[in-house]
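Basis for what follows: all heavy atoms, side chains included, without hydrogens, waters or symmetry-related copies. Just follow the structure's listing: the first ligand is 1, and inside any ligand the first atom is 1.
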Amino acid sequence: MAWEIYNRARARLLADDPQGALAILAAPGADPGEIWSDFACLEGECLSAMGRHQDAAAVLQRAAARGTPNHWVYHGLAREYRELGDFARAAAASRKGHALLGWPESERHGYVFTHDYFSANIADWTRRFADDIVAAPIACLEIGSWQGGSATWLLDKVVGPRGGSLTCIDSFAGSSEHAAWIGRLGETLEDMFDANISRTGLRHLCRKLVGRSQDILPQLYDEQFDFIYIDGAHEAKYVIQDAVLCWALLREGGFMLFDDTHFAFKDRPEQNTATAVTAFRTWFADEMDVLTPQDERQLLVRKKPG
Ligand SMILES: C[S@@+](CC[C@H](N)C(=O)[O-])C[C@H]1O[C@@H](n2cnc3c(N)ncnc32)[C@H](O)[C@@H]1O
């Protein structure tokens, strides 16, 4: 019953009616029962969609104070603190969420991510790196590092324990979708990345290459990687270049993971990463096994041997 109410309210929110969603959640008899923290997250999302960020933060703070293990509460809190311009509290909320997702190193090392693009991947990555991507030592390459979210996780959970290396390529200029606000972070992306990588204590395992991936990747032609993460520019014309250039650097049996395969901006169709990812997986189908279902947000493929 509670999930049925929740799903009805979420459908209203998805239909751009946060007010209607809130009314469903607050209706007499709408008892959240055991899923009270999910109700709180949804209420927070509705208030956020209405621009009521203080109220959203207050709802989520109350849920956090009840001691929930639901990491989405902290994800929502980070979002609201960010909206309110309180980056320090946003980073602390993200760290708490990471710990609940099995990444206590984030809290212990005190990583600072004002904008966390990685949390949503932690559960899947934990499983994939346990079951499929098992090379040890492992040579990893990522295109798009931002403040070091995926990089610090890879160092803590994969490269540090197994040995190997992580190469990070980023222009540190942000992507086009960050242009409007990136100057307000108070620090450069590169400084934030450097500080977080230092906090891992594994800086010696991480090589940073600064520049556009489309310019840097051809310079790595004599290297081979076991795992490549493509999360840089999201314009289809750059994603297709990253994919083709990286494919040549991927070892046979190695894994390549694309982020945001569903990315679509109504006003900026050139940012539709799906066009590039679909073209790539079609043209290279005979050389790869696809490990993720069609509608996943991330696409994982393995390069066939031979
Ligand atoms: C979504 S963020 C990466 C998030 C990161 N993987 C994480 O999990 O925290 C995208 C990054 O790609 C970088 N970027 C955008 N275009 C690029 C390009 N052409 N070459 C290299 N990096 C680029 C941006 O500077 C930004 O830091």
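Close contacts between ligand 1 and Q214 involve ligand atoms 19 (N) [criterion: under 4.0 Å to a heavy atom]. Atoms of ligand 1 found under 4.0 Å from any heavy atom of G211 (numbered from 1 in listed order, with element): 20 (N), 21 (C). Of all atoms in ligand 1, listed by their number and element, those nearer than 4.0 Å to a heavy atom of G144 are 3 (C), 5 (C), 6 (N), 11 (C), 12 (O).
Contact check on D131 versus R127 returns no salt bridge, with no Lys/Arg side-chain nitrogen under 4.0 Å from an Asp/Glu carboxylate oxygen. Ion pairing between a basic and an acidic side chain is recognised when a charged N comes within 4.0 Å of a carboxylate O; E43 and R52 show no such pairing. Classification of R8 and E4 as a salt-bridged pair holds, one side-chain N sitting under 4.0 Å from a carboxylate O.
Proximity of the aromatic rings of F118 and W125 is defined here by a centroid distance below 6.0 angstrom, and this criterion is met. Residues W146 and Y117 place their aromatic rings such that the two centres sit under 6.0 Å apart. Checked against the 6.0 Å centroid threshold, W103 and Y111 count as a close aromatic pair. Not less than 6.0 angstrom separates the ring centroid of Y229 from the ring centroid of F258. Ring centers of W3 and Y6: under 6.0 Å apart, within the cut-off.
Contacts between Y238 and ligand 1 below 4.0 angstrom, taking non-hydrogen atoms only, are absent altogether. Neither the backbone nor the side chain of Q147 has a heavy atom within less than 4.0 Å of ligand 1. Residue contacts with ligand 1, taken as heavy atom pairs separated by less than 4.0 Å, involve A173 solely via the backbone atoms N, CA, C and O.
Taking each of G149, S171, A151, S145 in turn, the one with a heavy atom nearest to atom 23 (C) of ligand 1 proves to be S171.
An N or O contact shorter than 3.5 Å links G174 to ligand 1 by distance. Where the criterion is an N or O separation shorter than 3.5 Å, residue side chain and backbone included, D170 meets it with respect to ligand 1. Considering backbone and side-chain atoms together, E142 places no N or O closer than 3.5 Å to any N or O of ligand 1. Between S213 and ligand 1, at least one N/O pair is under 3.5 Å apart. Where the criterion is an N or O separation shorter than 3.5 Å, residue side chain and backbone included, W146 meets it with respect to ligand 1.
Residues Q298 and L300 fail the side-chain proximity criterion, which asks for heavy atoms closer than 4.5 Å. Contact check for F193 versus K208: side-chain heavy atoms found under the 4.5 Å cut-off.
In this structure, atom 17 (C) of ligand 1 lies nearest to the protein heavy atom A233 N, 3.7 Å. The closest protein non-hydrogen atom to atom 15 (C) of ligand 1 is S175 OG, 3.2 Å. Among protein heavy atoms, atom 4 (C) of ligand 1 sits closest to D231 OD2, 3.2 Å. Ranking the protein heavy atoms by distance from atom 8 (O) of ligand 1 puts S150 OG, 3.1 Å first.
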